[in-house]
Amino acid sequence: MTAEAPLLASQVVVQICLFLVAAIAMVGGALQMYLGQPGTSPRLDNVHRFMAGVYFSTGVINLWAAITVRQQGTLVYLLALGVFLAGIGRLVSISKVGLPKPTAVWLGYLIPELLLPVIIAVAHHGVS
C-alpha cells in the first residue's frame with residue numbers, strides 16, 4: 001500500500017482510538033507529574049510521579065503509532081494490551097478497596113480502558 005492511498009476504514013478506527021489514548025495518556029501523565037500524590041509519603045509521591053512519566057511516554061508511543069498506522073503491526077496490539085491491563089488493574093483495585101467517589105468519574109475511566117483495546121484489536125485485525 002502506498003502512502004498516497006487512502007486509509008482503510010479499519011485503519012481510521014485504529015488511528016482515532018490511538019489518538020484518543022495518546023491524548024488521555026499525555027494529558028493525564030503531565031497532570032499527574034505536576035500534581036504528584038498530595039498528602040502522602042515521599043515514597044508514594046515518588047512512585048506516583050515515576051508512573052506519570054511512564055504514562056506520558058506511553059501516550060507519545062500511541063501518538064507515533066497513530067501517525068504511522070500504515071506501518072504498524074504487532075505494536076498496535078501491544079499498545080491495546082497495555083491499556084486493557086491498566087483497566088484490569090483498576091478492576092483489581094475496585095475489588096480490593098472499592099470504587100472511588102465520584103463513581104461516574106472512575107467508571108468513565110474504566111469503561112474506555114476495557115472497550116478501546118477490544119475496538120483497536122478487532123479493527124487492526126481487519127487490516128491484515
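Counting from 1, the numbers follow the sequence of the chain as shown.
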Shortest non-hydrogen separation from [X] to [Y] and the atoms involved:
X: Pro112; Y: Pro117; result: O-CD, 3.6 Å
X: Ala123; Y: Ser10; result: O-CB, 3.2 Å
X: Ala66; Y: Leu18; result: CB-CB, 3.6 Å
X: Leu110; Y: Gly87; result: CD1-O, 3.5 Å

Nearest 0.5 Å, what's the [atom1]-[atom2] distance between [X] and [Y]?
X: Gln72; Y: Gln11; atom1: CD; atom2: CD; answer: 11.0 Å
X: Leu115; Y: Ile111; atom1: CG; atom2: CD1; answer: 7.0 Å
X: Leu7; Y: Arg70; atom1: CG; atom2: CZ; answer: 4.0 Å

Within the side chain of [X], is there an N or O that forms a donor-acceptor pair under 3.5 Å with the backbone of [Y]?
X: Arg49; Y: Leu44; result: no
X: Asn62; Y: Thr58; result: yes
X: Thr40; Y: Gln37; result: no

Check: Val14 and Ile119 side chains under 4.5 Å, non-hydrogen atoms |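 Not touching, per the 4.5 Å side-chain cut-off.
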Phe84/Leu116 under side-chain contact (heavy atoms from CB on, under 4.5 Å): CA gap, chis, key distance, verdict | CA-CA 8 Å; Phe84 187 75; Leu116 278 176; over 6 Å; no
Are Trp106 and Arg90 close enough, and set up right, to give a side-chain contact (heavy atoms from CB on, under 4.5 Å), and what steps lead you there?
-> CA-CA 9 Å; Trp106 295 96; Arg90 244 186 243 288; 3.3 Å; yes
